[in-house]
Every structure is written in structure tokens, then in C-alpha cells.
Amino acid sequence: MISIKNEKQIKLMEESAEALKAALRAIEENIRPGVSTLYLNEVAENAMKKHGAIPAFKGVPCPYRGGKPYKWAICTSVNDEIIHGIPSSSVILKEGDIVSVDLGTYKNGWASDAGRTYGVGKISPVCEKLIKVAKDAFFVGIDQAVPGNRVGDISNAIQTYVEKQGFSLLREFQGHGIGQDMHEDPGVPNIGKKGTGPRLQAGMALAIEPMICEGKPDVYVKRDLWTIATVDKKMTSYYENTIVITNDGPKILTLD
Ligand code: MF3
Ligand code: CO
């Protein structure tokens with residue numbers, strides 16, 4: 001079931017998103033060569049708590065058999081890791097790396113969810129392009145997030161744009177509805193056909209999240225049963241925001 005949020009509920013989601021944005025700023029201030037991904041997790045968690053929110057990712061069940069629930073506030077996926085990388089004191093960022101950071105909050109019972117890929121120091125031209133294409137893909141997608149369109153219009157716009165840029169999209173993971181739960185209906189795939197899927201309506205909140213590969217979109221899960229990485233070891237990028245569909249166009253909650 002797709003839930004429709006009223007203005008009061010959207011306000012609450014915005015408050016949750018304020019805490020997320022504070023955490024994103026704290027992460028941005030601390031990304032540099034030599035920092036561990038666990039440290040980024042700590043600064044993000046502290047910022048969320050300071051703003052009255054709790055990390056939404058803690059306790060998310062592992063989708064793979066035998067895996068443990070997620071224990072961290074953020075995901076940190078480095079280079080060929082695309083999503084769900086686990087923060088660690090032994091993963092030290094170095095010049096030229098790109099790190100995809102994904103985070104979510106709950107505040108007063110309402111969720112927000114966002115992600116970014118950051119360069120560490122000076123990065124290669126292809127990494128620059130990957131970061132730009134993931135972000136631009138989000139904006140191409142959100143242009144379709146208007147009442148009367150369908151979910152497939154968002155998916156198709158993202159796919160068409162990214163493939164034209166010579167990159168590929170992860171198929172096994174997708175965006176989603178969001179509200180009192182971080183993951184609600186509908187699913188928002190990054191590939192699809194125009195005019196298909198559920199119809200969009202004012203008051204729907206969605207997390208739109210293109211996940212992009214330099215090479216083939218074939219991925220595997222690492223031994224930690226969380227981290228998803230590309231089989232061909234090529235680079236990846238990611239960009240996500242929580243948005244609300246309104247009659248005056250989409251509103252992005254998790255972007256400053
Ligand atoms: N942020 C992811 C999403 O966008 C969810 C991550 S769940 C976690 O759907 F457990 F890995 F953190
Ligand atoms: Co999400």
C-alpha cells in the first residue's frame with residue numbers, strides 16, 4: 001500500500017531530514033585522506049543524535065541467510081563497492097578513492113534516507129564523471145516525479161540518461177517509498193519503461209537512488225554479507241534523496 005502524507009506529516013519528515021542533513025555536513029567536513037570510514041560513522045551518528053534523531057539503518061535485517069542485522073548509522077562503500085559497505089577502523093580513505101555514503105534517520109517516528117558519493121582528494125576523470133552522472137540521474141528522475149506520471153517514468157528517465165553517458169545501473173536494488181518506515185511501497189527501480197508502474201500522486205514520499213557502474217552492473221555480496229561490489233572491480237557511484245510529490249512539483253527534503 002502506498003501511503004499519502006498530509007502537510008503535517010510532511011513537516012515531520014522535513015524535521016527528520018534536517019537531522020540527516022546535519023549528519024551529511026559533518027561527514028563532508030571530515031572526508032579526507034587518512035580518515036577511517038568508522039570515524040565518518042561516528043561523526044554522522046553524533047550529528048543525528050544532536051538533532052534529536054536516531055540512525056534508521058541500525059537493526060535493518062540482513063537480506064542474506066546467516067547475516068546479522070546492520071549495526072551502523074551509515075554505509076560507506078569505497079570504489080568498486082557500490083552500496084551497503086560497513087564502516088571500519090581498518091578502512092582508511094586515501095587520495096583518489098571515491099566513497100559512497102548512505103544514511104537514514106528516524107525522528108518523532110518519521111524517516112529520511114539519502115546518499116552521496118564523495119571524492120577523496122584528487123580523483124580520476126572517470127570518477128568525477130561517475131559522481132556527476134549519478135547526481136544528474138537523480139535530477140533527471142525527479143523531473144518525472146509529478147502527479148499523474150507513473151513510477152516507470154522516473155525509472156525510464158534515469159536509465160535512458162545513464163546509459164547514454166556510457167554507464168550502467170544496478171538492477172537488483174532500487175529506490176522506494178518512505179514515511180513512517182524507511183522502506184515503503186512503491187519500489188522505484190532505476191530501469192524501466194515509461195507509462196508503467198503505480199501512478200504518482202501528491203503526498204507520496206519517495207527515495208530515488210540511482211546506483212551507477214563504470215563497467216558491467218554485475219555485483220556480488222562480500223563475506224560480511226552486506227557489502228555489494230562489482231564483479232569487474234570497476235568504479236561505482238550513488239546518489240539518493242528523499243522527496244515528496246506535490247501539486248507544485250517535487251520537494252527535496254534531504255538536500256541543503
Ligand atoms: N539506504 C538504503 C536504501 O536506500 C538502505 C540501507 S539499509 C542498511 O534503501 F541496513 F544497509 F543500512
Ligand atoms: Co533508500
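Whatever order the structure lists ligands and atoms in, that order sets their numbers, starting from 1. Computed from a predicted structure; not experimentally measured.
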Polar protein atoms near the Co ion (ligand 2) [N, O or S; cut-off under 2.8 Å]: Asp113 OD2, His176 NE2, Glu209 OE2, Glu240 OE2

Under 4.0 Å to a heavy atom of Tyr238 - the qualifying atoms of ligand 1, by number: 4 (O)

Polar proximity ligand 1 side, Glu209 side, N/O cut 3.5 Å exclusive: yes

Whether Cys75 lies under 4.0 Å from ligand 1, heavy atom: yes

Lys129 atom NZ, neighbour heavy-atom count above 12 within 6.0 Å: yes

Proximal atoms of ligand 1 relative to Asp113 (non-hydrogen, under 4.0 Å): 1 (N), 3 (C), 4 (O), 9 (O)

Minimal non-hydrogen separation, Arg199 against Met204, with atom names: O-CE, 3.1 Å

His176 N/O to ligand 1 N/O under 3.5 Å: yes

Under 3.5 Å: N/O of Tyr70 near N/O of ligand 1: no

Residues Lys58, Glu45: salt bridge by 4.0 Å N-O rule: yes

Near-ring test His84/Tyr70, centroid separation under 6.0 angstrom: no

Pairs meeting criterion salt bridge (Lys or Arg N to Asp or Glu O under 4.0 Å) with involvement of residues 93-103, two or more places apart: Lys94-Asp97

Residue and atom name of the nearest protein heavy atom (relative to atom 7 (S) of ligand 1), distance in Å to one decimal: Val60 CG1, 4.0 Å

Greater than 12 external heavy atoms within 6.0 Å of Lys216's NZ: no

Flag if over 12 foreign heavy atoms under 6.0 Å of CZ, Phe139: yes

Least distance between heavy atoms, Phe167 atom then Cys213 atom: CB-O, 3.4 Å

Pairing of Glu7 and Lys11 as salt bridge, 4.0 angstrom limit: no

Glu14 bridged to Lys251 by N-O distance under 4.0 Å: yes

Heavy-atom nearest option to atom 2 (C) of ligand 1, drawn from Ile86, Ile74, Asp102, Thr227: Asp102

Nearest heavy-atom neighbours spanning Asp80 and Met235: N-SD, 4.3 Å

Close approach, Trp226 and ligand 1, non-hydrogen under 4.0 angstrom: yes

Which of the ligand 1 atoms, numbered from 1, are nearer than 4.0 Å to a heavy atom of His84: 6 (C), 11 (F)

Leu103 and ligand 1 - part of the residue with a heavy-atom distance under 4.0 Å: neither

Side-chain ion pair, Asp256 and Arg25, N-O less than 4.0 Å: yes

Where ligand 1 meets His183 - atom numbers and elements under 4.0 angstrom, heavy-atom basis: 3 (C), 5 (C), 9 (O)

